Amino acid sequence: MKNFIKLDPSDIKEGIRFSTPVFFEDGKNMFLAEGKSVKQYHVKALQRWQVPFLLTYGHELKNDEELFAKNRSSGSANSPVVEELEELEELEELEEL
């Protein structure tokens, strides 16, 4: 089992992101995916549903960490992966049976 950190829903503000997914209090159902920013509707849902707490095993991302996380997900810690495409070969037509 992961070592979850308990988050107070009142600390969840629009625009913040986390390094790992954020789960509802059951630790199974995801509230927010890794690296995704909190939107106004997330904040309102927490208030409306009276969620007692949230769980994560990560931390809030700061601006420089956000850039690193984006680059990491694209395959590089320094820059996005850009590959040059080679010329595509033509496909052979199949004979009908």
Side-chain angles (χ1 to χ4, degrees):
M1 181 165 166
K2 303 196 183 314
N3 294 322
F4 282 117
I5 299 165
K6 201 173 186 181
L7 302 171
D8 188 321
S10 65
D11 293 337
I12 305 300
K13 307 291 183 209
E14 190 173 348
I16 66 171
R17 301 171 188 237
F18 289 88
S19 63
T20 60
V22 177
F23 297 92
F24 287 100
E25 68 273 13
D26 64 3
K28 295 178 184 176
N29 292 301
M30 188 174 9
F31 169 71
L32 189 68
E34 169 186 347
K36 299 295 180 187
S37 62
V38 173
K39 306 288 185 211
Q40 184 178 20
Y41 64 84
H42 290 115
V43 175
K44 289 185 181 227
L46 290 174
Q47 295 166 348
R48 186 173 52 248
W49 298 336
Q50 299 178 346
V51 175
F53 60 89
L54 296 167
L55 298 170
T56 188
Y57 47 91
H59 61 277
E60 184 179 340
L61 291 175
K62 304 298 178 200
N63 287 339
D64 56 341
E65 290 178 299
E66 288 179 30
L67 292 174
F68 176 76
K70 285 179 189 175
N71 289 334
R72 183 183 65 193
S73 67
S74 66
S76 169
N78 297 320
S79 64
V81 173
V82 177
E83 293 181 25
E84 194 171 313
L85 293 176
E86 295 179 19
E87 192 173 315
L88 297 175
E89 294 179 24
E90 277 191 41
L91 295 175
E92 291 180 33
E93 287 189 33
L94 295 175
E95 293 179 28
E96 288 189 37
L97 297 176

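Keep in mind it's a predicted model, so treat the numbers as computed, not measured.
Atom-to-atom distance recorded for L55:CG and K28:NZ is 12.0 Å, nearest 0.5 angstrom. Atom CG of L7 is separated from atom NE2 of H59 by 12.5 Å, given to the nearest 0.5 angstrom. Taking NZ from K6 and CG from D11, the interatomic distance works out to 12.5 Å, rounded to the nearest 0.5 Å.
Just one residue in the list V22, L61, V38 forms a side chain to side chain contact (heavy atoms under 4.5 Å, CB included) with I16, and that residue is V38.
Taking all atoms of both residues into account, the shortest heavy-atom contact from S37 to G15 is CB-O, 3.8 Å. Considering all non-hydrogen atoms of both residues, F18 and L32 come closest at CD1-CD2, 4.3 Å. Minimum interatomic distance between I12 and F31 (heavy atoms only, all atoms of both residues): CG2-CE2, 4.4 Å. The two residues P9 and P52 come nearest to each other via the heavy atoms CD-O, 3.5 Å.
A search for side-chain hydrogen bond (donor to acceptor under 3.5 Å, both in side chains) contacts involving K36 returns nothing, not counting sequence neighbours. With sequence neighbours excluded, the residues that form a side-chain contact (heavy atoms from CB on, under 4.5 Å) with Y57 are K2, F4, T20, P21, F23.
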Side-chain donor-acceptor pairs under 3.5 Å in residues 40-51, sequence neighbours left out?
| unit_1 | atom_1 | unit_2 | atom_2 | d |
| --- | --- | --- | --- | --- |
| H42 | ND1 | K39 | N | 2.8 |

